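Just below is one structure, and these are the notes that go with it.
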Amino acid sequence: MADPLSSDDLMRQAGARWCEEHNRWECTKRSKRRPGDHCHASAIRGTAVCRNHGGQSTELLKAKGEAITAWSALSGQAVVSHTEAVLGMLQMSWLRAHLYAGLLERQFTDAQDQDADGGPAGLGGGDPELGPGAGLVGHTHGAVKDIGIYVTGEAARALTVLEGQERDRVVRYAKTAHDMGIAEAQVRIAEQTGQQLAEVIRRTADALLLAVVGLVTETAGREGTVGERLAAALDAAVRAAWPGWLSTIVPQQIAAVTAGGEA
């Protein structure tokens with residue numbers, strides 16, 4: 001894996017402007033209050049703009065910057081778009097949320113089983129005060145010299161907090177992706193790709209038709225007049241059958257490829 005980007009590398013790659021006067025990365029937009037001067041507001045981490053010049057909500061800008069920061073730290077990629085970063089982090093957060101949910105369910109189940117068996121305190125069993133929430137909530141403790149360790153209250157267990165934070169993060173990244181129009185952009189890209197693929201298939205089919213007809217003509221032409229008549233007949237037959245072949249063969253091969261099978 002490549003080395004993660006440093007903070008300066010990240011901001012430099014995002015296009016932010018370093019200000020020697022304020023010793024920080026700042027917005028690249030022009031100031032409206034001071035014509036001819038740059039905006040000297042701090043750039044949002046992972047971006048080249050401040051919250052006033054971003055053209056989007058501060059929450060969205062921060063989420064985009066956070067995605068760029070996290071994705072760059074993970075992969076060390078020097079160049080990554082906001083779209084790629086947000087989608088990548090959304091996928092990662094989604095997987096983590098599922099992992100934490102599974103671990104939390106196991107923790108809760110184990111705590112209830114231990115409680116039913118009269119298991120050791122601290123693991124959920126033998127602590128009737130926590131009741132059915134033993135796997136989700138634990139006691140906090142304090143200690144003094146004369147009294148020793150004592151219960152000070154209750155708090156959510158760490159895994160419970162992690163799972164909740166990851167769910168919130170999934171929702172935030174999903175909203176960011178929606179606000180960025182990523183879904184619509186992907187549809188447009190898919191449509192363009194489909195049109196390009198169709199054009200490639202059409203051009204390939206036309207080229208193959210000319211190659212086949214040319215080969216037939218060349219081969220049959222060596223047989224004199226009879227060969228020329230045969231070439232003309234084959235030319236007409238191939239050209240007549242060609243559209244039907246394409247309309248049948250191409251969908252079959254596309255279906256075979258997308259299904260992962262063989263025609």
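Hydrogens, waters and symmetry mates are skipped; everything else that's a heavy atom, side chains included, is used. The model shown is predicted, which means the values in this text are computed figures rather than measured ones.
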Side chain to side chain contact (heavy atoms under 4.5 Å, CB included) evaluation trace for Thr160 with Val137: CA-CA 8 Å; Thr160 306; Val137 178; over 6 Å; no
Residue Arg51 excluded, over 12 heavy atoms near CZ under 6.0 Å: no
Distance (rounded to the nearest 0.5 Å) between Thr47 OG1 and Trp25 CH2: 12.5 Å
Heavy-atom closest pair, residues Ala16 and Ala43: CB-CB, 4.1 Å
Heavy-atom closest contact (Leu209 atom, Arg239 atom, distance): CD2-NH1, 4.1 Å
Over 12 foreign heavy atoms within 6.0 Å of CH2, Trp94: no
Closest non-hydrogen atom pair, Val200 against Thr204: O-OG1, 2.7 Å
Any donor-acceptor N/O pair, Gln107 side chain to Gly135 backbone, under 3.5 Å: yes
Atom CG of Leu210 with >12 non-hydrogen neighbours under 6.0 angstrom: yes
Arg30 atom CZ, neighbour heavy-atom count above 12 within 6.0 Å: yes
Co-membership, hydrophobic cluster, residues Phe108 and Val161, 4.5 Å side-chain: no
Interatomic spacing from CD in Glu163 to NE2 in His98 - rounded to 0.5 Å: 10.5 Å
Connected via hydrophobic side-chain network under 4.5 Å: Ile249 and Val212: yes
Nearest-0.5 Å distance, CD1 of residue Ile201 to CG of residue Leu208: 11.5 Å
Joint cluster assignment, Leu99 & Leu136, ILVMFWY side-chain distance < 4.5 Å: yes
From Arg157 atom CZ to His139 atom NE2, the distance as rounded to the nearest 0.5 Å: 10.0 Å
Heavy-atom closest pair, residues Ala174 and Leu90: N-CD1, 3.8 Å
Shortest non-hydrogen separation from Thr28 to Arg17 and the atoms involved: CG2-N, 3.8 Å
Backbone N/O of Ala155 and side chain of Thr140: donor-acceptor pair under 3.5 Å: no
Spacing of CG belonging to Asn52 relative to SG belonging to Cys39, to within rounding of 0.5 Å: 7.0 Å
Which atom of Glu166 lies closest to which atom of Ser93, heavy atoms considered: OE2-OG, 2.6 Å
Atom pair NE2 (His53) and SG (Cys27), whose distance is rounded to the nearest 0.5 Å: 5.5 Å
